There are 2 protein chains.
Amino acid sequence: MTAATATPTAKAETDPLGFDFVLDRRHPVADQIYDSLKAAIVQVKLLPRTSISESRMCRHFGVSRTPVRAAILRLSEEGLIDVYPQQGSYVAPIRLADIHDGHFIRKSLELSILTEAAARWTPEMSRQARDIVARGEAAIQAGDVEAFHVADEDFHHAFTGFADRPGVWPAILQAKTRLSRFIRLISHIISNAERLPVVIDEHLAVLDALDRGDAEEARARLDYHLDKIFKLFDQVPDPYRPYLTD
Amino acid sequence: MTAATATPTAKAETDPLGFDFVLDRRHPVADQIYDSLKAAIVQVKLLPRTSISESRMCRHFGVSRTPVRAAILRLSEEGLIDVYPQQGSYVAPIRLADIHDGHFIRKSLELSILTEAAARWTPEMSRQARDIVARGEAAIQAGDVEAFHVADEDFHHAFTGFADRPGVWPAILQAKTRLSRFIRLISHIISNAERLPVVIDEHLAVLDALDRGDAEEARARLDYHLDKIFKLFDQVPDPYRPYLTD
DNA sequence: ACAAGGACCCTAGTATACAAGAATATGTAA
DNA sequence: TTACATATTCTTGTATACTAGGGTCCTTGT
């Protein structure tokens, strides 16, 4: 995300916000702060309703308010931060309506993409997709949850390439981001050991159907896979309900 | 868009940019500039590849660079403005890839919405939709192209309400914005007298199918209606080609 | 004439200072 | 103790100054 390989000119002080960062003044600072904040929010390292004071962020990152404001502005448009003028900015609560809408959008787009991908499916595509699934399995074995999420995203991303619609991915990603925080929150709470391998199986089921040339079955499998998110609702313990809202 | 009814505290000087504005200092200036610029770009009053110098915009709007930058930042994320650091910012060209992607996204989402709306279709919905179509017809009679576009957008907007998915509309709108500039450019060139009434007929065809309870026919009608944009490609005269790109 | 170098002006990115509204704390009077 | 008025201190919004890089054009040297 941030340019970890570059020479850092500023380093985190003690970290009261729960996420670290490395600034590289050779690249636009606003972008790096945006990436850093977004990652922290999506991974629920910054909890919903957490105050995001511009001045505190300045001290935290060691920069002026200008790039911090630019980052917050971008995040507020994505619905990840709520800005109340003259009052404060806060990490947006995880809205159930957002989850429903994001799910609807994602499902509609991914199913459309899948249909086009199925129409031009090749063994090479199958090989690439299975490689990605294998990476996800390896991540589970290694206990690297973050790597698993990356592989999961890559899997869904790959189909936009297969369908020759790369420009559609950003729209899917935007919808998915709304769901991601909820999934990450669950991951913080519930054992991944039982949930993650199921994801792998469902991914493989889609690929198997595609390899058999059964597009309709593939659609049904993906539909089932995506709908599973709603089963997670029941698993949110009461202490975490305050992070959610209608 | 801007608060036209409020007491203006700043007014346009001579207008070299081709669009006017009224600033109301009681509301956030950045938002007003964003609205003003976006409207000018979408309506192709600001032509693609037009230079958007921050300092010129400052003088134009009579404000400092800060709110202008905020507006440009937002527009750059929507793909309406391209920012080249240390070089300049320009109204983005109308990219063919954007049109294809925007069309794909819009079609997928609107068809999904239509399916859900059809499942809960009521005479009241039909009445509301036909009222909107009537507004579009009246706009054509009055020669008010802008009012027609508003009614057209309202028509498509209404279905997200019928499907009880209001949160999906912003996503559709975002995809539609990419197409809008192309359609507006066409509107500047080609006679609307023959094209606009066809739109009305196609809208009514969708409603007729829904009233008959034929959801599949309604989907086919909407699909046909949305695909029509590609027929406009052939109608772009050569002198306007420079505004388009791959 | 032509090429290399430099001064200058343009651009966007960043830092800092100021303004205005909202919440809270505090002090005072009943 | 309670109610109200006020002052302080937060917050974000805006204005201005400064930095650094890119482009142009003019000058200068060959």
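Just so it is clear: chains get the letters A, B, ... in the order the sequence lines come, proteins before strands, and each one is counted from 1. These numbers were taken from a predicted model, which means no experiment stands behind them. For the numbers below, each heavy atom of this structure counts, side chains included, while hydrogens, waters and symmetry mates do not.
We find that NE2 of B/His27 is positioned 15 Å from P of D/dG13, with the value rounded to whole Å. Rounded to whole Å, atom P of D/dT14 lies 7 Å from atom CZ of B/Arg25. Whole-Å rounding puts the B/Met57 CE to D/dA15 P distance at 16 Å. Residue A/Arg59 contributes atom CZ, which lies 15 Å from atom P of C/dA15 at whole-angstrom precision. In this structure, B/Leu73 atom CG and C/dA12 atom C1' are separated by 12 Å, rounded to whole Å. Counting to the nearest Å, the C1' atom of C/dA15 and the CD atom of A/Glu54 are 14 Å from each other. Atom CD1 in A/Ile81 sits about 14 Å away from atom P in D/dT11, given to the nearest Å. Separating the CZ atom of B/Arg26 from the C1' atom of D/dG13 is a distance of 17 Å, rounded to the nearest angstrom.
Under the 30°/60° scheme for interplanar angles, the aromatic rings of B/Phe230 and B/Phe233 are found to lie parallel.
A donor-acceptor pair shorter than 3.5 Å can be found between the side chains of A/Arg195 and A/Ser187. At a cut-off of 3.5 Å, with distance as the only test, no side-chain donor of A/Gln32 or A/His27 sits close to an acceptor on the other residue.
Side-chain N/O atoms of A/Ser55 include one lying less than 4.0 angstrom from OP1 or OP2 on D/dT11. For A/Gln87 and C/dA23, the shortest distance from a side-chain N or O to OP1 or OP2 is below 4.0 Å. Between B/Thr66 and D/dG13 there is no side-chain polar atom (N or O) within less than 4.0 angstrom of OP1 or OP2. Residue A/Arg69 places none of its side-chain N or O atoms closer than 4.0 Å to OP1 or OP2 of D/dA15. OP1 or OP2 of C/dA12 has not a single side-chain nitrogen or oxygen of B/Arg65 nearer than 4.0 Å. OP1 or OP2 of D/dT11 sits under 4.0 Å from a side-chain N or O of A/Ser53.
By the side-chain hydrogen bond (donor to acceptor under 3.5 Å, both in side chains) test, B/Arg69 pairs with B/Glu54, sequence neighbours left out.
Taking the ring axis of B/Tyr34 as reference, the NZ or CZ atom of B/Arg74 stays within 45° of it and closer than 6.0 Å to the ring centre.
For B/Gln86, the side-chain atoms get nearest to D/dG22 when compared with the rest of D/dG22, D/dG13, C/dT16. Closest to the side chain of A/Ser89, from the set D/dT12, D/dT14, C/dA15, is D/dT12. Among the nucleotides D/dA15, C/dA12, D/dG13, the one closest to any side-chain atom of B/Pro67 is D/dA15.
Backbone-only contact: B/Ile52 has heavy atoms under 4.0 Å from sugar-phosphate atoms and none from a base.
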